[in-house]
Protein chains: 2
Amino acid sequence: MSDVAKLAGVSVKTVSNVVNDYPYIREGTRARVLDSIQKLGYQLNTTARGLRTGRTGLIGLAVPELKLPYFAELADSVIAEAEQVGLTVLIEQTNSDREREIAVLRDPRRRLVDGLIFSPLALGQDDRHLLEVDFPLVVLGERIFAAAADHVTMQNVDAARAATEHLLGLGRRRIAMVGGHRGERIGSAALREAGYAEALEAAGIGVDPGLIGESGLWHRETGAAAIATMLDSGTVPDAVFALNDALAIGVLRELLSRGIRVPQDVAVIGFDDVEDARFAYPSLSSVSPGRAQIARSAVGLLHRRIVERTAPAEHETITAEFEVVPRESTLGLPARPA
Amino acid sequence: MSDVAKLAGVSVKTVSNVVNDYPYIREGTRARVLDSIQKLGYQLNTTARGLRTGRTGLIGLAVPELKLPYFAELADSVIAEAEQVGLTVLIEQTNSDREREIAVLRDPRRRLVDGLIFSPLALGQDDRHLLEVDFPLVVLGERIFAAAADHVTMQNVDAARAATEHLLGLGRRRIAMVGGHRGERIGSAALREAGYAEALEAAGIGVDPGLIGESGLWHRETGAAAIATMLDSGTVPDAVFALNDALAIGVLRELLSRGIRVPQDVAVIGFDDVEDARFAYPSLSSVSPGRAQIARSAVGLLHRRIVERTAPAEHETITAEFEVVPRESTLGLPARPA
DNA sequence: TTGTATGCGTTATCAC
DNA sequence: GTGATAACGCATACAA
């Protein structure tokens with residue numbers, strides 16, 4: 001920087017001002033400085049700036065697993081949003097491991113990131129004291145709610161109700177649900193199940209426990225297993241609401257492999273609207289939980305907290321908009337000329 | 001740090017030594033220092049250390065798109081390997097955009113990362129001068145080879161030959177290939193096509209141009225489109241070698257939706273062995289390109305270069321081992337009791 | 001085995 | 001509008 005200053009015939013402070021878009025600089029000066037920067041190929045040392053300002057321009061994103069399509073897509077969106085506001089994202093994987101989730105909060109790449117976007121999967125409401133940290137934190141999802149942190153969530157109940165209503169609207173009556181977590185009262189599973197139940201009851205249909213397939217992990221294989229168990233027990237639904245798309249794809253496979261037609265015999269809808277869904281065969285109807293909006297809100301909120309630098313009087317909760325995205329797995333395949 | 005020193009009754013230098021595992025410290029001193037650190041809840045300021053040492057402990061990983069399963073899984077592996085050697089990974093997405101790939105090389109989060117693992121998709125051999133950078137760089141893939149950088153690749157030709165031989169070994173003779181890049185002489189497409197051709201020729205079967213489906217992008221949809229075009233033109237293969245798993249899954253869908261049985265009528269094998277493959281229906285045979293080894297090699301190599309600090313006399317190329325992973329899409333579905 | 005002094009490249013302060 | 005100078009928190013010589 002001092003070389004640039006010398007070449008431009010100004011002080012380092014002026015160079016710094018130019019680099020930081022300080023408004024009160026004579027145009028000529030700015031041009032000269034910019035020119036010198038160009039000539040010398042000067043690059044700002046982010047580390048030194050970080051030392052001086054106490055900020056690094058880095059934010060952490062802690063997710064269970066990048067390999068899960070939903071989180072890969074979330075990371076994608078967060079990175080894009082962060083870039084908009086000049087932040088860089090450091091991804092940390094917790095593998096849904098309780099210890100690692102705690103570690104991320106206690107000592108994330110602390111002193112390396114300015115704040116953290118945290119998507120927990122193992123921690124629960126009892127752990128909410130862990131969210132009382134001394135750095136900006138935005139929590140995603142529905143596992144923990146605490147006055148101590150900002151929150152970005154989706155409308156799990158309403159979205160699940162809408163998905164179920166979509167199936168009801170097609171005339172389906174024996175609507176199974178796959179991915180339930182028996183006995184849980186928090187988290188996405190419980191909320192989505194609540195929405196499912198609401199829709200059924202509003203339609204004058206009760207919840208049939210035999211139509212609820214449990215599966216702790218929401219993976220393709222567990223989805224396939226859950227529907228297989230249900231069918232093997234003699235219970236045959238005319239529609240399935242899977243609590244996420246991975247489960248739904250598992251369900252799809254299992255149905256097809258048994259010669260059950262989708263959606264003629266059984267309509268299927270998932271949740272998350274990951275890219276997989278568009279390319280499944282038949283393409284999978286799903287609920288888009290507003291991933292882009294979630295990413296934008298989370299980054300925006302965190303950014304604000306970082307800039308404010310002072311602990312907020314009140315924490316915020318932002319809820320994203322959802323949308324039902326009907327595709328072939330409920331509407332049917334387009335007629336194909338033989 | 002000076003607070004810790006004061007409490008422990010030593011100098012900051014001693015604290016620094018302890019924190020950095022400097023070996024020659026009296027045990028009692030170390031214990032006192034560690035104790036003070038604990039008491040004060042002191043955390044090392046990574047930024048200040050970075051300023052002083054010129055290293056940040058961060059490495060960049062530039063990939064086309066995190067949403068593509070292969071790259072999500074690669075990132076996963078790289079993050080895990082980097083953690084082993086105390087490095088943190090900063091992911092950058094290029095979106096296979098030429099300009100962004102150039103930007104990543106010219107000015108990555110430069111001065112923020114100690115080195116870069118770069119997986120190009122748009123740059124080609126003519127751009128190899130861009131690889132002459134003044135920071136440690138490990139290039140992945142087969143698009144560019146340059147004496148100026150370290151390289152980690154997979155055995156594209158051999159692996160493709162093995163995949164094709166697997167199909168030949170099952171008695172298939174009209175083996176289609178999907179994902180070709182007509183006219184290209186570099187990159188994965190050209191190499192894998194070469195392996196495919198080698199296997200066919202060794203078996204005394206020539207390459208039938210009608211059995212080669214082109215598709216620039218290796219996505220599910222392009223795979224489906226390529227095989228559809230081939231079938232519509234009246235060409236019916238008895239096996240398909242798709243140049244990656246996404247293409248293969250597209251092929252699978254298209255075949256199934258036409259009522260063509262896999263593998264009885266057409267066997268299908270992919271390349272990459274992503275998790276999708278295991279859960280496809282039928283599960284997809286594939287070639288595992290040694291992703292874990294690629295990640296380990298890339299991180300190891302980069303780490304060495306960073307530690308060495310001096311430009312290496314010679315650059316290295318490491319080639320990962322591959323493995324054919326046969327599954328239902330070539331071996332057949334297990335008998336299912338009706 | 002430990003301490004002292006110095007500087008890494010930037011921004012903040014305050015003077016001009 | 002711009003400049004001089006002191007931090008930021010640490011590691012490195014070198015001395016002791």
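Quick note on labels: first sequence line is chain A, next is B, and so on, each numbered from 1. Below, all heavy atoms of this structure are taken into account, side chains as well, without hydrogens, waters or symmetry copies.
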Legend entry - Separation between OH of Tyr42(B) and CG of Asp3(B), rounded to the nearest 0.5 Å: 10.0 Å
Legend entry - Separation of atom CE in Met1(A) from atom P in dC8(C), rounded to whole Å: 14 Å
Inset, instruction - Rounded to the nearest angstrom, tell me the gap between atom CG in Asn45(A) and atom C1' in dG7(C). - result: 13 Å
Inset, instruction - Quickly work out the Lys13(B) NZ to dA15(D) C1' distance and round it to whole Å. - result: 13 Å
Legend entry - Asn20(B) side-chain N/O to dA11(D) phosphate OP1/OP2 under 4.0 Å: yes
Legend entry - 5' priority, DNA chain D, between Val10(A) and Ala48(B) [closest heavy atom]: Val10(A)
Inset, instruction - Starting from the C-alpha separation in whole Å, work towards a yes-or-no answer on side-chain contact (heavy atoms from CB on, under 4.5 Å) for Leu44(B) and Met1(B). - result: CA-CA 8 Å; Leu44(B) 180 70; Met1(B) 197 178 247; 4.2 Å; yes
Inset, instruction - Give Ser2(B) one of three labels, base, sugar-phosphate or nothing, depending on what nucleic acid heavy atoms sit under 4.0 Å from its own. - result: nothing
Legend entry - Quiz item: Arg52(A) side-chain donor-acceptor pair to dA12(C) base, under 3.5 Å: no
Legend entry - Lys/Arg-Asp/Glu bridge criterion (N-O < 4.0 Å) met for Arg98(A), Glu101(A): no
Inset, instruction - Rounded to the nearest angstrom, tell me the gap between atom CD1 in Ile37(A) and atom P in dG9(C). - result: 16 Å
Inset, instruction - With the side chain of Leu51(B) defined as its heavy atoms from C-beta on, choose the nearest nucleotide among dG3(D), dG1(D), dC8(C). - result: dC8(C)
Inset, instruction - Take the protein atom CG of Asn17(B) and the nucleotide atom C1' of dT1(C), then report the distance between them rounded to whole Å. - result: 9 Å
Inset, instruction - Please state how far atom OH in Tyr22(B) lies from atom C1' in dT12(D), giving the value in whole angstrom units. - result: 11 Å
Inset, instruction - Round to the nearest Å and state the distance from Arg55(A) atom CZ to dT10(C) atom P. - result: 17 Å
Legend entry - Nucleotide dT11(C), atom C1' - distance to CG of Leu44(A) in whole Å: 10 Å
Legend entry - dG9(C) OP1/OP2 closer than 4.0 Å to side-chain N/O of Thr47(A): no
Inset, instruction - Determine, for Arg30(B) against Glu27(B), whether the closest basic-nitrogen to carboxylate-oxygen distance falls under 4.0 angstrom. - result: yes
Inset, instruction - Considering non-hydrogen atoms only, spot the tightest contact between Val152(A) and Val138(A) and give its length. - result: CG2-CG1, 3.9 Å
Legend entry - Residue whose closest nucleotide on DNA chain C lies nearer the 5' end, Ile25(B) versus Tyr42(A): Ile25(B)
Legend entry - Donor-acceptor pair under 3.5 Å, Arg49(A) side chain vs dT10(C) base: no
Legend entry - Nearest-nucleotide comparison on DNA chain C, the residue closer to the 5′ end among Ser16(A) and Arg26(B): Arg26(B)
Legend entry - Side-chain N or O of Thr14(A) closer than 4.0 Å to phosphate OP1/OP2 of dT2(D): no
